[in-house]
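As structure tokens, the structure follows; a few thoughts come after it.
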Amino acid sequence: MPIISLNRTNDFFGREKEIRRINEALNDPGFVVVTGKMGSGKTAILRRIQEENSTRTTFIDMRCTDIRRTHEGIPDFRRITVLARTVEWNLLLDSMPPEKSAFTDAWKMSQMHCMRCAVAVRYSAGLIRDIQEELPRAAVVEVPPLTERDTERYISLKAPGFRAVRAGIEYIHEVTEGMPLFIDSFLNVLSDGIIYGPALLEENFQAKFQQIAFPWIAELNSLTLREKNILSILKDGPLGGDEISASSSELEELELRGLIELHGDKWNLDSELLRRVIVELENQRGCI
């Protein structure tokens, strides 16, 4: 049986610093952008903040609504807006689309209804820069990956029955890039009663990478063929924009979605795990 179940959400680890910074930013300036790479734990952090003050906090998954209709996703919105003028009310918007206009709309809504607002979005250097230019008063809190030491402590908390040699822990940290979501997914395909080393973990990764990296698989499935081709080219290493058969707007769109990043004048995949997923997909079926 799996070491952990993916629906086990009670355990929370290692984000006290980020939660403190978000709460401080909710107090002043009152609007905070929570950002980090896929799987870093942004949703878990917002959920924890909601749990800590559930009577005065509303959480909304923006994948299920539009910012211009967000009030429709808040039960008794009119009552809450009245309350927000007399008590401190937190509005937590998760998985915001990477559009600058969505953030300005959220800012206007929070100001209009006197709400404190935290908005979570996948990290994109270009998007964060645009938001800071448009909303200079907004705070930005980035959720970093877990360190190798914290990855080991996280695994001990989530899966106390897991056994691995030192190099096995190092392997999990490297392949998941210290992202809690992917650590959980990896643990979910492993079994009790085995002492894992890098070779056995690599066998599990190759056999079950679609379960381990399912968020990246879902993201790839949402792309156009042209976008997939760009990522396939970049899996082999960084390239300049003039070396890629793509327009600048196409590259910028992929960057906004947190799939690629620009270092100097070179574009590269934003995640080593994403690169490995692309390689495995192409090895198994010839394409992404």
Side-chain angles (χ1 to χ4, degrees), residues 9 12-54 56-71 73-74 88-111 113 115-132 134-135 137-146 177-185 214-216 218-219 222 255-259 261 270-271:
T9 58
F12 193 84
F13 169 82
R15 298 305 191 189
E16 292 81 6
K17 177 181 177 181
E18 285 72 32
I19 290 175
R20 183 173 64 253
R21 291 179 60 201
I22 293 168
N23 281 325
E24 289 172 352
L26 283 171
N27 285 322
D28 184 17
F31 190 93
V32 54
V33 178
V34 182
T35 188
K37 294 189 176 183
M38 180 184 284
S40 59
K42 301 180 294 296
T43 299
I45 287 174
L46 293 191
R47 287 291 190 189
R48 173 52 62 93
I49 292 173
Q50 179 193 32
E51 292 170 4
E52 291 177 346
N53 192 7
S54 59
R56 296 183 179 181
T57 302
T58 299
F59 176 98
I60 299 177
D61 187 339
M62 295 306 298
R63 291 170 295 187
C64 305
T65 186
D66 181 275
I67 186 61
R68 287 171 292 277
R69 299 194 307 273
T70 293
H71 64 278
I74 304 177
E88 294 178 342
W89 198 278
N90 298 319
L91 180 61
L92 311 179
L93 305 179
D94 190 37
S95 301
M96 182 69 87
E99 303 165 4
K100 182 173 65 173
S101 61
F103 290 84
T104 56
D105 285 344
W107 168 274
K108 291 175 184 176
M109 183 178 66
S110 68
Q111 297 298 298
H113 299 298
M115 292 182 180
R116 308 187 308 178
C117 186
V119 183
V121 65
R122 192 185 307 170
Y123 181 76
S124 156
L127 178 62
I128 297 303
R129 183 173 57 250
D130 288 346
I131 293 171
Q132 289 177 319
E134 186 74 17
L135 305 171
R137 291 180 55 201
V140 176
V141 175
E142 185 171 352
V143 181
L146 297 178
E177 301 178 290
M179 300 299 175
L181 174 62
F182 295 115
I183 296 172
D184 288 353
S185 300
F214 68 92
W216 280 130
E219 190 74 24
S222 71
E255 195 274 340
L256 284 175
R257 297 177 65 172
L259 294 166
E261 56 187 350
D270 188 60
S271 164

Tell me the closest heavy-atom pair linking A118 and L26, and the distance in Å. N-CD2, 3.9 Å
Spacing of N53 atom CG and R116 atom CZ [to the nearest 0.5 Å]: 7.5 Å
Applying salt bridge (Lys or Arg N to Asp or Glu O under 4.0 Å) to R21 and not counting sequence neighbours gives none
In Å and rounded to the nearest 0.5 Å, what is the CZ to CZ distance from R48 to F59? 13.5 Å
With a distance cut-off below 6.0 Å to the six-membered ring centre and an angular limit of 45° from the axis, does R137 pair with F31 as a cation-pi contact? no
Which residues pass the side chain to side chain donor-acceptor pair (under 3.5 Å) test with S124, not counting sequence neighbours? E255
Steps toward side chain to side chain contact (heavy atoms under 4.5 Å, CB included) verdict (V121, L127): CA-CA 9 Å; V121 65; L127 178 62; 3.7 Å; yes
From K37 NZ over to K42 NZ, what is the distance, rounded to the nearest 0.5 angstrom? 11.0 Å
Could you report the tightest heavy-atom contact between F103 and L135, atom names first, then the distance? O-CD1, 3.8 Å
What's the verdict on side chain to side chain contact (heavy atoms under 4.5 Å, CB included) for L146 and I183, showing C-alpha distance, side-chain angles and the deciding distance? CA-CA 10 Å; L146 297 178; I183 296 172; 4.1 Å; yes
For S40 and P180 the tightest heavy-atom approach is O-CD, 3.6 Å
side-chain contact (heavy atoms from CB on, under 4.5 Å) against Q111, all qualifying residues, sequence neighbours excluded: W107
Could you grab the distance from atom CD of E261 to atom OG of S271, nearest 0.5 Å is fine? 9.0 Å
For E177, all residues meeting salt bridge (Lys or Arg N to Asp or Glu O under 4.0 Å), sequence neighbours excluded: none
Here the gap from N90 atom CG to L46 atom CG, rounded to the nearest 0.5 Å, amounts to 10.5 Å
Check: I49 and L92 side chains under 4.5 Å, non-hydrogen atoms: yes
Please test D270 against L259 for side chain to side chain contact (heavy atoms under 4.5 Å, CB included), starting from the C-alpha separation and ending with a verdict. CA-CA 5 Å; D270 188 60; L259 294 166; 5.8 Å; no
Please give me the minimum heavy-atom distance between Y123 and T35, naming the atom from each residue. CA-OG1, 3.0 Å
Please identify each residue that fulfils salt bridge (Lys or Arg N to Asp or Glu O under 4.0 Å) with D61, with sequence neighbours left out. R63
Please name the pair of heavy atoms, one in F182 and one in P215, separated by the smallest distance, quoted to 0.1 Å. CE2-CD, 3.6 Å
Which pairs, with at least one residue in residues 122-131 and sequence neighbours excluded, count as a salt bridge (charged side-chain N to carboxylate O under 4.0 Å, His left out)? R122-E219
What heavy-atom pair brings A106 and M96 nearest, and what distance separates the two atoms? CB-CE, 4.0 Å
Would you call E88 and R56 a salt bridge, using N to O less than 4.0 angstrom? no
Min side-chain heavy-atom separation P144-R15 under 4.5 Å: yes
Under a 4.5 Å cut-off applied to non-hydrogen side-chain atoms, are N23 and E52 in contact? yes
Side chain to side chain contact (heavy atoms under 4.5 Å, CB included) for M38 and M179? Distances and angles first, verdict last. CA-CA 8 Å; M38 180 184 284; M179 300 299 175; over 6 Å; no
Quick one: does M109's side chain get under 4.5 Å of L91's, heavy atoms only? yes
